[in-house]
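Working notes for the structure below.
Atoms within each ligand, like the ligands themselves, are counted from 1 in listed order. Just so it is clear, the structure is predicted and the values come from calculations on it, not from any experiment. Numbers here simply count residues along the sequence, with the first being 1. Heavy-atom basis, side chains included; hydrogens, waters and symmetry copies ignored.
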Amino acid sequence: MCGIVGYVGKKQAAPILLDGLAKLEYRGYDSAGISVRDGDKDAVIVKAKGRLSKLADKTDQGRAVPGTCGIGHTRWATHGEPSELNAHPHCSDDMNVIGVHNGIIENFQELRQKLIRHDYQFYSETDTEVAIKLIDYYYKKYAGTPVDAINHALVRIRGSYALAVMFKEYPGEIYVARKDNPMILGLNEDGAFLGSDVPAILKYTRKVYYIGNMELGRLSADGVTFYNLDGDEIQKEITEIEWDAESAEKGGFEHFMMKEIHEQPKAIADTLGMYISNGKIDLSSLAKNGAVDENDKASDPEAILKEIGRVYIVACGSAYHAGMIGKSVIEKLAGIPVEVSLASEFRYCDPKLDKNSVVIVISQSGETADSLAALRLSKERGIPVIAIVNVFGSTIAREADYVMYTAAGPEIAVATTKAYSAQLITLYILAMKTALLKGILDEERAKGLMDELAAIPAGISKILEDKERIQWFAAKYANAKDVFFIGRGIDYAIGLEGSLKMKEISYIHSEAYAAGELKHGTISLIEKGTLVIGIMTQNDLYEKTRSNMVEVKARGAYLFGLTSYGNYNVEDTVDFAVYVPKTDENFVASLAIVPLQLLGYYMAVTKGLDVDKPRNLAKSVTVE
Ligand code: AGP
């Protein structure tokens with residue numbers, strides 16, 4: 001995720017901005033920039049693609065850009081490739097308004113068109129440039145204050161943002177606003193600071209203000225003033241931060257994995273926001289790579305989806321598990337057969353790919369060697385490839401015909417959580433769009449499904465409210481030697497991911513089985529006290545898996561049952577029941593996976609293991 005910093009006061013701003021950005025490096029970025037104003041002079045903007053050290057060198061460690069008021073940004077690309085042009089800060093042509101932004105502006109295309117009609121020109125592919133020029137437009141149109149101009153713009157902007165903006169006519173001031181993106185403001189005797197995260201300003205002050213959703217702030221050397229959307233001044237309490245620097249990086253969580261588990265509602269909402277607007281699925285933002293020949297079959301993703309007769313999904317690890325859920329949802333909603341393959345197997349089995357098909361490669365990092373090789377093989381065989389990728393501009397993103405980005409932001413823990421969840425969302429969207437294009441799904445049912453999708457972030461938050469129950473259970477079972485996950489259909493695929501989470505970070509041997517397969521061999525491993533986790537979220541399979549649970553209980557197993565609210569008779573069978581909110585059965589994996597992520601996490605924590613960096617594993621597997 002991008003990082004924002006800002007400073008105004010008695011000191012030189014640039015070194016403070018560079019230092020603050022360095023503290024946010026752990027969040028991941030691909031370019032950086034600062035803008036500093038020296039008194040009444042025009043502000044200077046300096047940007048660099050790549051490491052922050054490049055920006056530091058370009059500015060002579062900040063000495064080349066004098067001034068006591070400035071803003072800075074590290075960018076993690078979401079709209080437009082990583083480049084100096086797309087890096088922040090962005091400004092209006094006359095440098096009247098200069099700003100940086102975190103988040104995603106959903107209706108930026110529509111706002112861009114409006115501004116073009118008013119003679120604005122655009123140089124970058126970013127939604128941020130649109131936001132900054134929109135503020136400039138309203139500032140000039142109504143000739144009001146910066147607060148008025150920002151408020152006018154915010155009323156028109158849909159999406160999430162943390163914005164920091166400087167106005168030419170108000171030197172020595174920085175204006176900020178936020179919605180669903182973090183931002184804090186701090187004060188010391190030398191001035192006022194802002195950061196998208198605590199570590200950015202912790203070195204300078206522990207006295208901070210938390211700015212609320214849809215609120216604005218004005219920073220000057222004299223302090224901070226807050227405003228509501230009506231432009232009225234509002235009062236805020238100053239808070240003292242007690243975190244140390246390390247826990248500040250993790251947002252107060254003990255590990256990145258737990259932080260990322262909690263970021264899932266936002267990752268899902270942001271990913272939905274990228275592809276659904278005004279109740280319609282819009283795949284126009286599906287990045288089309290230059291390599292695509294306009295006359296080729298692969299020139300229009302919607303035409304491809306409308307015509308396809310088969311889908312191949314290829315991925316590794318958790319991405320493969322997401323693919324298994326995708327298979328079930330695409331087959332059920334769009335009625336076309338889907339084959340899911342492990343990328344490491346796909347290329348060696350000389351796959352026979354139907355001409356009328358599409359290959360979907362799923363990868364968080366976009367660099368996994370086997371997935372990349374599978375992509376290349378599919379292209380060689382003339383099959384269009386859609387990549388579902390989290391890292392912008394990664395190799396898989398560049399080489400696929402089309403890219404559907406997930407908006408999970410940088411994932412730091414080796415065990416994936418929020419990227420997996422965002423992958424599920426893109427697969428649901430692809431399934432629904434394909435079904436709509438094929439005329440299998442009517443608009444009314446599609447609307448119902450979209451409402452269910454919109455409710456998933458809140459459902460996850462509700463599960464997280466009760467996480468201490470899972471923690472208690474994990475503490476009790478952290479000494480388990482073997483754990484079995486059983487389920488049928490989608491529930492089996494959820495079990496595979498739950499089992500991977502457990503084994504990769506807690507080092508407990510665990511296996512996921514299709515529940516019906518147990519009695520073909522595995523049931524001989526069940527003995528007194530063996531932990532069996534039964535996943536029972538599908539109505540038509542609920543009783544069948546429950547009877548498999550009864551079979552293992554009869555052989556001494558201890559039963560953890562995971563199902564949806566309402567299925568309370570599960571307690572007649574299991575020893576420990578966990579419920580997730582009800583949703584459409586196609587989407588239930590997005591909720592049911594969360595207690596299993598928590599279970600793996602708490603077991604690892606109970607055992608005192610290095611949760612974020614488990615032994616022998618790498619975040620990105622670039623070797624075969
Ligand atoms: C899961 O927690 C792992 N980190 C791993 O299985 C991962 O999903 C796999 O290596 C694929 O990585 P990718 O999504 O970056 O391609």
When you look for protein heavy atoms under 4.0 Å from ligand 1, which residues do they belong to? Cys316, Gly317, Ser318, Ala319, Ser363, Gln364, Ser365, Thr368, Val414, Ala415, Thr416, Leu500, Lys501, Glu504
Pairwise distance NZ(Lys250) to CG(Asp197) - rounded to 0.5 angstrom: 13.0 Å
Search all heavy atoms of Ile456 against all heavy atoms of Leu591 and return the closest pair with its distance. O-CD2, 3.9 Å
Quick one: does Ser196's side chain have a donor or acceptor within less than 3.5 Å of a partner on Pro182's backbone? no
For Ile396 and Ala387, the nearest pair of non-hydrogen atoms, with its separation, is CG2-CB, 3.7 Å
Where Leu500 and Gly317 come nearest, the two heavy atoms and their spacing: CD2-C, 4.2 Å
Could you give me the CA-CA distance, side-chain angles and deciding distance for Tyr558 and Tyr477, then say whether ring-ring contact (aromatic ring centres under 6.0 Å, His included) is met? CA-CA 10 Å; Tyr558 187 85; Tyr477 264 86; 4.9 Å; yes
